[in-house]
Amino acid sequence: MQTKKRPVFLDLQVLVRHLPVPGIVSILHRASGVILFIMIPVLLMLLNGSLSSGEDFESYKAVADNPLVKLILIGVLWAFLHHLCAGIRFLLLDAHQGLELQTCRKTAKLVLIISLSLTLVLGVALW
């Protein structure tokens, strides 16, 4: 007679440390999608408000000059760029391109490098 195995305690910190790069890219793709889902309506409301009059534009510009707001906007820029790069990678995987283990790992690292590099370049240019 078999005894039932009790559920195993999974330590998330240990799991995350041993997560392969494609898994990290996948999780970040989902997280960046959530960030974009939340922030795009906010950004559209800010754009709409800034276009209403010259005085409103100056007040929104003053808010956007705050370093904390700039960091948040750079975070949203990263979310967009990572989501875009990872989305292209996932579309290629869906088309059965790059399914080999080594290629999959290389493309995952490439997504991280490209999205962070583009964020750095555009963030410095826009700061």
Side-chain angles (χ1 to χ4, degrees):
M1 181 172 189
Q2 289 185 357
T3 60
K4 288 186 176 182
K5 289 191 174 190
R6 297 189 56 141
V8 177
F9 172 71
L10 298 175
D11 188 4
L12 292 179
Q13 292 177 349
V14 172
L15 287 176
V16 169
R17 269 187 265 147
H18 298 294
L19 194 64
V21 176
I24 293 170
V25 168
S26 178
I27 290 171
L28 289 176
H29 181 72
R30 291 172 185 250
S32 63
V34 170
I35 291 169
L36 291 174
F37 181 78
I38 292 169
M39 290 303 294
I40 285 179
V42 173
L43 293 173
L44 288 174
M45 286 188 303
L46 291 174
L47 177 65
N48 184 34
S50 70
L51 295 175
S52 60
S53 70
E55 296 83 25
D56 287 342
F57 175 76
E58 291 299 325
S59 65
Y60 281 107
K61 184 177 176 190
V63 170
D65 284 338
N66 184 345
L68 180 62
V69 174
K70 285 184 179 184
L71 285 176
I72 291 170
L73 292 175
I74 288 175
V76 174
L77 177 65
W78 167 83
F80 172 73
L81 292 171
H82 179 80
H83 201 76
L84 175 70
C85 294
I88 292 170
R89 177 181 177 266
F90 288 132
L91 284 174
L92 290 172
L93 289 175
D94 288 343
H96 301 287
Q97 300 296 318
L99 293 177
E100 297 80 27
L101 182 60
Q102 292 301 331
T103 307
C104 190
R105 287 180 179 163
K106 286 179 185 177
T107 58
K109 289 177 185 176
L110 196 62
V111 164
L112 289 175
I113 292 168
I114 290 174
S115 64
L116 289 173
S117 299
L118 286 174
T119 302
L120 181 67
V121 168
L122 292 173
V124 167
L126 294 174
W127 190 273

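Numbering of residues begins at 1 and proceeds along the displayed sequence. Side chains included, hydrogens not; waters and symmetry mates left out as well; all remaining heavy atoms used. Keep in mind that this is a model prediction, so the values were computed, not measured.
Side-chain heavy-atom separations under 4.5 angstrom define the hydrophobic clusters, and Ile113 shares its cluster with no other residue.
Distance CG/Asp94 to CD/Gln97: 11.5 Å, rounded to 0.5 Å. The OG1 atom of Thr107 sits 11.0 Å away from the CD atom of Gln102 when rounded to the nearest 0.5 Å. For the atom pair CG (Leu73) and CG (Leu43), the distance works out to 6.5 Å, reported to the nearest 0.5 Å. Here Ser52 contributes atom OG and Leu47 contributes atom CG; the two are 10.5 Å apart, rounded to the nearest 0.5 Å. Separation of atoms CG (Leu28) and CD1 (Ile24) is listed at 7.5 Å; rounding is to 0.5 Å.
Nearest approach of Ile38 to Pro41, heavy atoms of both residues: O-CD, 3.5 Å. In terms of heavy atoms, Cys104 sits closest to Arg89 at SG-NH2, 3.0 Å. Among all heavy-atom pairs drawn from Ala64 and Val69, the shortest one is CA-CG1, 4.0 Å. When all heavy atoms are compared, the tightest approach of Ile35 to Ala79 is CG2-CB, 3.8 Å.
Note: the hydrophobic cluster containing Val25 also contains Leu19 (ILVMFWY, side chain heavy atoms under 4.5 Å, direct or indirect links). Follow the hydrophobic side-chain contacts under 4.5 Å out from Ile40 and you never reach Leu84; the two are in separate clusters. A continuous path of hydrophobic side-chain contacts links Tyr60 to Met39 [ILVMFWY only; heavy atoms under 4.5 Å]. No single ILVMFWY cluster, assembled from side-chain heavy atoms under 4.5 Å apart, contains both Leu101 and Val21. Both Ile114 and Leu77 belong to a single network of hydrophobic side chains, linked directly or stepwise wherever heavy atoms of I, L, V, M, F, W or Y lie under 4.5 Å apart.
Annotation for Lys70: atom NZ counts as buried by contact number, over 12 foreign heavy atoms lying within 6.0 Å.
Residue pairs satisfying the ring-ring contact (aromatic ring centres under 6.0 Å, His included) criterion with at least one member in residues 66-88, sequence neighbours excluded, are listed as follows: His29-His83, Trp78-His82.
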Please list every donor-acceptor pair under 3.5 Å in which a side-chain atom of residues 119-127 meets a protein atom from a residue at least two apart or in another chain.
| residue | atom | partner | partner atom | Å |
| --- | --- | --- | --- | --- |
| Thr119 | OG1 | Ser115 | O | 2.6 |

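For the pair Thr103 (side chain) and Leu99 (backbone), a donor-acceptor distance under 3.5 Å is absent. Under the 3.5 Å distance criterion, the side-chain polar atoms of Ser26 are left unmatched by any main-chain donor or acceptor of Pro22.
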